[in-house]
Structure formats: structure tokens, C-alpha cells
Amino acid sequence: MPVGTVGTVKAMSPRELEDIHAQIILGNTYHLYLRPGLEVIAEAGGLHNFINWQHPILTDSGGFQVMSLSGLRKIIKDGVRFQSHIDGSYHMFTPEKVIEHQNIIGADIIMSFDECPPYPATREYIERSLRLTLDWARRGKDTHKNTEKQALFGIVQGGVFLDLRENSAIQLMEMDFPGYSIGGLAVGEPKEDMIKTTAFLNTILPKNKPRYMMGVGTPVDILTHIGNGVDMFDCVMPTRNARKGSIFTRNGKMIIKSARYKSDFRPIDPECTCYTCRNFSRAYIRHLIHMNEILGMRLTTIHSLHFYLELVGMARQAILEDRYEQFANHLIPILDCIVDENKIRIE
RNA sequence: GGUGGGGUUCCCGAGUGGUCAAAGGGAACAGACUGUAAAUCUGUCGGCGGACGCCUUCGGAGGUUCAAAUCCUCCCCCCACCA
């Protein structure tokens, strides 16, 4: 799922998203609440209409902002009081209000309010945080009435402590959500911990409901966790990194702003079918990024998102053909490095 | 022709006897980025060597001094105003 925090996948028009076959995009409750404000979105008839995206949308609850804006908020039992990073005004987010907000926004899949705890954190901290998040999940579920049109997911927390993860998952499953998110990962913990966690949850979470790993990840992460039964991902990396001249390809990461592409007139990936690769050279894209030109960001974003969506499409096909492990094992070492064609040539 | 002001490391620009390989900015180069306070941030940026250091550099050539980007002499070049 491409990330479109404030109601736009940065640098992309809805038509460009359709061109690369994006099926669903993300929005963020906290950011949309602050700007443009829920009144505007309500007046527009919901987020789909407001941004003219008639395909599915998933909204995050603001739980991630509990971590990313940790200097500007206070957690209490009832919820989180944020101080706006825009104008300093105070805003109380409770699990009930967060559901009401998301009812107004109207996303197809919505999230319980949670605390995304930082890493490292003590077991005591994670336990306390988890109790709160579970309480909030229950309160959110009780509040949510529009269940026919909006699927509310519960969010599994528990840090890197597997027993706490288990505890979290089981209690959420008792509440019977239509899907389960895995939160609080890729926040700085070792990769092995992340992998152990999804591998473990793979044995617990129901197989007939979607599992969404929040905020992950690199192409390698995605393939790894698909292998552990995860169905859905979102991540800012393909978009954010693309804008800064670092893109993902089937041959690994390519830092297109690098001097080595100054006079390289090949496409980013000669085999790629995206608009960018069919029409523009590495040298030109590098130039655009260096010039800080809008088109540069658009073209790199198109490519990286196209690649991500193609990658998960291939993963889906490999699963259907019962050859996923082979597929992933072949691809992961390639995707895990920086493209260096000169080096390959020497070898 | 006259008067005044200047020439500093890729560029702009500070520095007016030692603590200067020389502030600051830009460019350039190398990276980081994982439910987006991100068109952001970090590092490098004369050469050689782990560090301590050594060598080359502040328009050019001389000179003064223990010590010069900084002071003196001559020369070259630029800018402004006047004629």
C-alpha cells in the first residue's frame, strides 16, 4: 500500500497510481484531522471524494504519531493529548474519538488507536503500553458501528517479547476483528527480532483473516515477512527515498543521484515496464533530482512504487504456484545490495 | 589619464603578524531514511600518512621577521567614480 499520509501519495496523481495498479493507499487520521480538518473532509463527502480516489483506502489511527511525535504528546489512560506540531494547539485523542474520526474520513479499513512503543523499551514499559492498547482496542471496537463499510483492525503489540505478543494477539482475537495488524516493528530492533515476531504470530493469528504489518518495509523485509504469512504492508520508503534520489529496482537499490549515472543513458531498469523506464534515462533522472525538479521526484516515485507493486504481484503468483520459498530465496540476496553494474562486469 | 577599492582553497566570502589548511555559505561527493513534523538529515570536502605529524596553498616576484594570507617594495590584473 503506497502511503499518502495527508491525502496524497506524494508526487503522484490518482491516475498515475492507477497506471501502476495500486489497489489501495494509506491515509493518516492525525494528520488529516489537523489539516484540512475533518469538517472539510465531511463536507467533501469523505476522503475518497475529497482526493478523488475511488479505490480502497486504509487509515492509520495516529498510533504511529504517539511515537514519532513523542516530544509533543502525553499518554494517559483515557488516550493521548497531542500538541500540534503545526501551531502548538492541544488535541485529545481517545480510542473512541479516533474511531469517530475515521468514520468521518470513511476509509475502507481503519485502525484501532494504539501506542507504537519505541525501541528499546523495557518489558515493564511494553507491558503497561500493551494493556493500554488492548483497552483502547476494546473501546474502539465498541464505538465502531459502520462495520459493513469499514473494517476495523486490531493492532498486535508487545515489542520484541514473544509472550507479550501472544497475549496481545489472543486477546484481540477474542474481540474478533476482521483483520489484524502487527505494529511496533521496524522501529530500530534487530532484524532477527522482527522476523521472530512475525514467524511466531504466523502460528497464532487466524489464517482466514488478513494480517497487516504496519510500516514495513524494504523489498527484502516484505519478501521475508510474506514468507511468515503477512498479507499487507505499507511503507514510506519507496516514496520518500525516491524523492531523495534513492530508488528500488529488481537488481537492488540504486542511488540514482550518484555521480556514476551522470552520463548513463540507459533506463533505470531496461526490463522495467513503468512509464519512467520506458521513456527516460538514468542521466536525465539524475539531473532532475540534482536540480531538485518536481519531475525528478515524480519519475523516481513512479518507478519505485511500480517496482514494489510488481514485486508483491510476483510474490502472489509464486504463492499461487506453490514456489514461494524458491522465489524469495532467489531474489532476496539480489535485492539486498546496492546496484553496481561495474562490479558485476569485473566479476 | 586621475582618484578610490579590490585580487583568499571549485564558486561566493570572512580573515589584517603566531591559536590558519584558513570562519560561514554554495556547489560537489558519499551515505542514511521502514504505520511521513522528511523536497529532510549526516559525513567528507589541498595532498600524503593510523593518531601526533609532514608537504603544498591566500594574483606574481622579491624583502622584513624566530614566525607572513596578514607588514614593505616593484609588477600584473579587476571594479567604481571622475576626465
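Every chain is numbered from 1, with letters handed out A, B, ... down the list of sequences. Only this structure's heavy atoms are used, side chains among them; waters, hydrogens and symmetry mates stay out.
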Do [X] and [Y] get their side chains close enough for a donor-acceptor pair, meaning under 3.5 Å?
X	Y	answer
A:H21	A:E310	no
A:D234	A:Y212	yes
A:N28	A:T5	no

Holding to side-chain contact (heavy atoms from CB on, under 4.5 Å), I want the full list of residues that pass it with [X], two or more places apart in sequence or in another chain.
X	value
A:K262	A:R286
A:A107	A:I57, A:T59, A:I110
A:E174	A:I170

Set of residues satisfying side chain to side chain donor-acceptor pair (under 3.5 Å) with respect to [X], sequence neighbours excluded:
X	value
A:D176	A:K209
A:Q317	A:E321
A:Y119	none
A:R211	A:N202

Inset, instruction - Looking at every strand, decide which applies to A:D114 at a 4.0 Å heavy-atom threshold: base, sugar-phosphate, or nothing. - result: base
Inset, instruction - Please determine if A:R139 and A:D78 form a salt bridge, counting it only when a charged side-chain N lies under 4.0 Å from a carboxylate O. - result: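 Looking at A:D78 together with A:R139, the answer is yes, because their closest N to O distance falls below 4.0 Å.
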Legend entry - Salt-bridge criterion met for A:R250 and A:D269 (N-O under 4.0 Å):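 Yes.
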Enumerate donor-acceptor pairs with a distance under 3.5 Å from any side-chain N or O in residues 33-44 of chain A to protein atoms, sequence neighbours excluded.
residue: A:Y33; atom: OH; partner: A:H91; partner atom: ND1; Å: 2.8

Legend entry - Segment of RNA chain B, first to last nucleotide, that comes within the 4.0 Å heavy-atom reach of chain A: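 First-to-last contact on RNA chain B, by the 4.0 Å heavy-atom rule, is B:A28 to B:U40.
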Rounding to an integer number of angstrom, what distance separates [N] and [M] when you compare their [atom1] atoms?
N	M	atom1	answer
B:U16	B:C29	P	34 Å
B:G60	B:U70	P	10 Å
B:C12	B:U3	P	29 Å
B:A67	B:A83	C1'	46 Å
B:A14	B:C71	P	16 Å

Legend entry - Contact nearer the 5' end of RNA chain B, comparing A:N28 with A:I255: A:I255
Legend entry - Closest-nucleotide ordering on RNA chain B, the 5'-leading residue of A:M291 and A:C116: A:M291
Sorted by number, the residues of [range] with heavy-atom contact under 4.0 Å to RNA chain B:
range	value
residues 176-209 of chain A	A:G184, A:A186, A:K191
residues 54-77 of chain A	A:D60, A:F64, A:Q65, A:S68, A:L69, A:L72
residues 233-240 of chain A	A:D234, A:C235, A:V236, A:M237, A:T239, A:R240

Inset, instruction - Could you check which nucleotide pairs with B:G4 in any of the strands shown, counting Watson-Crick or G-U wobble with both distances under 3.5 Å? - result: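 Answer to the pairing question: B:C79, which forms a Watson-Crick or G-U pair with B:G4.
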Inset, instruction - Under a 3.5 Å limit for both distances, which nucleotide forms a Watson-Crick or G-U wobble pair with B:C10, could you say? - result: B:G26
Inset, instruction - Spell out, as yes or no, whether a donor-acceptor pair under 3.5 Å connects the side chain of A:Q102 to the backbone of A:M111. - result: yes
